[in-house]
Amino acid sequence: MQVIIQNIIDALSLGSLFALTALGISLVFGIMRLVNFAHGDFISLGAYALIVPSASPTAIMYIGNWPALATIVAICAILILIAIVCERVAFKPLRGADPSVLMIASFAVSYFIQNAIIMIYGGRSKGVDLWPFLQVQVPVGGIRLQLLQLVTIASTIILLGLLTLFLHKLPIGRQMRAASENFTMARLLGVRANFVIAAAFGVSGFLAAVVSLLYVVQRGTLAYDVGAPLVMAGFVATVIGGMGSVFGAVLGGFFVGITNVFFQVMLPVSIRADRDAFVFAFVILILLIRPSGLIKVKSVEERV
Amino acid sequence: MRRTALWLVGGLATLGLAGASYSAQAADNDIVIGFAIAQSGWMTQYDGPDSKGALLAIDDINAKGGVLGRKLRAVFADTKSDQTEGAKAGQSVLAQGAQFMVVSCDYDMGAGAATVGNDAKIPTFSLCASDAKMGVQGIGPYAFSMNDSSVTIGATMGHWAATKKGWKKAYVLHDDTIEYSKGICSGFKSYFQKDGGTIVGDDVFKQDDASIASQITRLKDVTAKTPVDFIEICSYGGGDVSAVKQIRAAGIMTPITNPDSMDGDDWTKAIPNLNDHYATVQASLFGDDPRPFVNEYFKRLEKVTGQKPTSSLALAGYSVIEAFALAINRAGVTDGDKVLAELNKFKDEPLAVGPTSYTADLHISLTRPYTIVGIKDGKGYFVDIVGLPDPPPMQLIFKGQ
């Protein structure tokens with residue numbers, strides 16, 4: 001029984017990480033039709049921002065050593081700034097271009113960031129220990145669960161709630177939803193394009209910061225491509241959940257996480273190494289049944 | 001008239017260039033060793049210290065008068081940590097006059113340049129590839145590796161655990177992302193079981209897995225029913241460090257063993273107060289190796305590179321040059337085939353890295369002793385030097401996995 005509950009928590013925790021990543025990707029896609037593959041590198045940058053910039057193989061914690069709240073605020077601020085700067089420098093000049101062009105531009109940004117990290121911090125992965133107090137096991141109703149997993153799940157639920165409030169109650173949120181539905185019409189009605197796009201990138205930078213911190217606590221190592229697997233899973237989650245839908249992204253994230261854990265647990269050891277093949281086969285199945293994703297968004301759907 | 005003038009100028013220029021290069025080569029009596037290695041990109045963390053070590057060997061040998069009365073000289077080309085650039089780098093060092101070649105510390109990364117060297121019929125050494133394909137059966141008869149096979153490295157841990165520690169029950173966690181870790185696990189399992197050990201449980205994860213929580217849940221479940229003496233992880237890099245961190249974070253204090261990818265103790269920053277961790281490595285980096293040359297060497301390397309070495313594989317770089325020098329001296333000439341013949345006669349040659357043997361069919365070490373190091377309170381220390389009594393099964397070495 002304990003094993004089953006532990007597996008469920010493992011699935012939800014992994015799903016939460018993917019859901020938060022997918023949220024960041026989905027927000028930007030909704031407004032700009034841009035699949036931002038550099039999102040994974042925002043996550044990497046958030047992780048590297050914790051240490052002193054140096055190519056030494058040993059990482060020296062700097063921002064990571066500040067009081068927890070200060071670290072969180074600092075990393076969020078840094079990533080919001082980086083995301084907005086990236087948008088201004090790389091994507092604004094390409095505004096209005098074909099989505100495939102924007103996607104290639106995001107690959108270019110991603111490649112640039114990865115190589116900048118290698119140049120400044122060296123190519124070798126470094127070990128870091130952030131917030132070890134989250135690594136403890138807490139007793140919950142007779143079962144011991146890891147505090148970090150519970151914090152990850154709770155953060156996702158809270159952030160989803162806050163994001164929903166932001167999008168529905170705040171003027172800037174309404175403007176973002178309007179721009180997502182019909183960009184041209186929104187501009188005609190007075191929505192300032194630059195402001196809304198910067199806001200979207202800013203929020204996605206904030207979400208990348210949260211993922212980055214949770215991921216570093218768990219993984220304990222920094223590498224120039226540490227965010228890459230997350231963004232792949234996040235992208236798949238966005239597609240399954242329904243591109244352009246915030247709730248769909250979260251749903252997709254949990255879906256990918258749960259499927260991952262399910263196959264990791266259930267497959268016999270001889271084929272367990274091919275777990276990803278099963279996960280993606282399942283993804284293909286879902287897309288065959290519902291090509292637009294679990295939650296259809298009218299403005300994104302192709303109309304003949 | 002103009003065309004004749006142009007032909008004349010062109011002809012003179014070509015003659016001039018040919019003359020200049022001929023005179024340059026005639027004046028240049030050095031034996032040229034071409035390093036087609038990664039000087040940029042992620043692979044430098046392995047190729048860098050190793051190649052610096054090789055340069056130290058070149059300095060040492062030149063100080064004693066060189067080889068056959070001639071000085072050794074290194075030329076370089078950057079593979080940029082890219083497999084396709086490897087072949088270009090190989091061509092480049094050949095163009096710079098290389099008579100012998102040194103390639104990257106990895107089969108996949110070094111194969112491009114190694115193939116070029118093999119095709120040019122010059123003895124080519126990988127700094128520390130642990131795949132037997134960097135040899136006769138893979139690249140070709142001129143390719144060698146200075147390292148042990150990854151199967152041997154894994155088997156050494158299994159042998160040490162069973163015979164020296166008396167550990168009988170193991171749980172294996174296997175990262176099958178690259179060939180290296182597959183070799184480690186197959187060697188470990190075969191030798192550990194041959195020595196009477198039992199593999200209680202077996203699980204798989206991937207280098208890029210965001211979390212190994214499910215694997216840990218299963219590990220806890222299995223070991224609750226059958227306690228194990230240690231956990232063997234066959235992995236490398238950030239994924240391996242992360243796995244150790246997550247296992248300890250889950251409250252599992254069982255001893256953990258790892259292959260030479262987990263050398264040094266810089267990475268232990270990720271895991272506070274790490275204890276009971278062991279790794280099979282080339283030598284101890286911590287200044288306490290029983291071989292005085294080793295401790296001296298790593299100190300020299302630290303001075304030259306400005307950084308503490310992070311992998312004892314840097315010792316292999318020194319031995320590559322030692323091997324070249326020995327073989328060239330014995331052959332009496334720098335002719336590729338004659339030097340190759342001498343390399344193939346190596347029997348327990350006392351190189352810095354350990355007794356080294358090669359035959360016409362085997363260009364990698366299968367039983368050369370490896371060192372066990374431990375971690376206590378996050379600091380590394382020398383434990384033992386262990387050699388296998390007999391080589392691991394041949395079908396594992398050349399499985400092609």
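Below, chain A is the first sequence line, B the second, and so on; all start at residue 1. Worth knowing before you read on, the calculation uses all heavy atoms, side chains too, and leaves out hydrogens, waters and symmetry mates.
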* Structure fact -> dist B/Ser312:OG -> B/Leu301:CG (nearest 0.5 Å) comes out at 11.0 Å
* To do: Working to the nearest 0.5 Å, report the span between CD1 of B/Ile216 and CD1 of B/Ile252.
  => 5.5 Å
* Nearest heavy-atom pair of B/Pro259 and B/Asp240: which atoms, and what distance? -> CD-OD2, 4.4 Å
* Asked: How close do B/Arg248 and B/Asp276 get, heavy atom to heavy atom, and via which atoms?
  -> NH2-O, 3.4 Å
Region of [X] that comes under 4.5 Å of a non-hydrogen atom in chain B:
X        : value
A/Asp276 : side chain
A/Ala11  : neither
A/Gln137 : side chain
A/Val265 : both
A/Gln149 : side chain
A/Gln146 : side chain
A/Val211 : neither

* Structure fact -> Greatest number of non-hydrogen atom pairs under 4.5 angstrom with chain B, of A/Ser125, A/Ala223, A/Ala273, falls to A/Ala273
* Asked: Which one of A/Arg124, A/Lys126, A/Gln135 has the most heavy-atom pairs closer than 4.5 Å to chain B?
  -> A/Arg124
* To do: Identify which one of A/Phe42, A/Tyr111, A/Phe235 satisfies the ring-ring contact (aromatic ring centres under 6.0 Å, His included) criterion when paired with A/Phe37.
  => A/Phe235
* NZ/NE/NH1/NH2 to OD/OE distance under 4.0 Å, B/Glu179 and B/Lys182 -> yes
Less than 4.5 Å to any heavy atom of chain A: does that hold for the side chain of [X], its backbone, both, or neither?
X        : answer
B/Thr44  : neither
B/Asp176 : side chain
B/Tyr46  : side chain
B/Asp209 : both

So which of [options] has the largest heavy-atom pair count under 4.5 angstrom toward chain A?
options                                : result
B/Asp203, B/Ile271, B/Val244, B/Ile212 : B/Asp203
B/Gly239, B/Gly237, B/Ser40, B/Ala249  : B/Ala249
B/Met43, B/Gln215, B/His174, B/Lys245  : B/Lys245
B/Ala270, B/Ala243, B/Ala210, B/Gly238 : B/Ala270

* Going by the angle between their ring planes, with limits at 30° and 60°, are A/Trp66 and A/Tyr62 parallel, tilted or perpendicular? -> perpendicular
* For the pair A/Phe255 and A/Phe282, name the ring-plane relationship: parallel under 30°, tilted 30 to 60°, perpendicular over 60°. => parallel
* Asked: Hey, do the aromatic rings of B/Tyr381 and B/Phe286 have their centres closer than 6.0 Å?
  -> no
* Taking atom NZ of B/Lys220 as the centre, report whether more than 12 heavy atoms of other residues, nucleotides or ligands fall under 6.0 Å from it. => yes
* Partner of B/Tyr180 under side chain to side chain donor-acceptor pair (under 3.5 Å), chosen from B/Asp131, B/Asp260, B/Asp106 -> B/Asp260
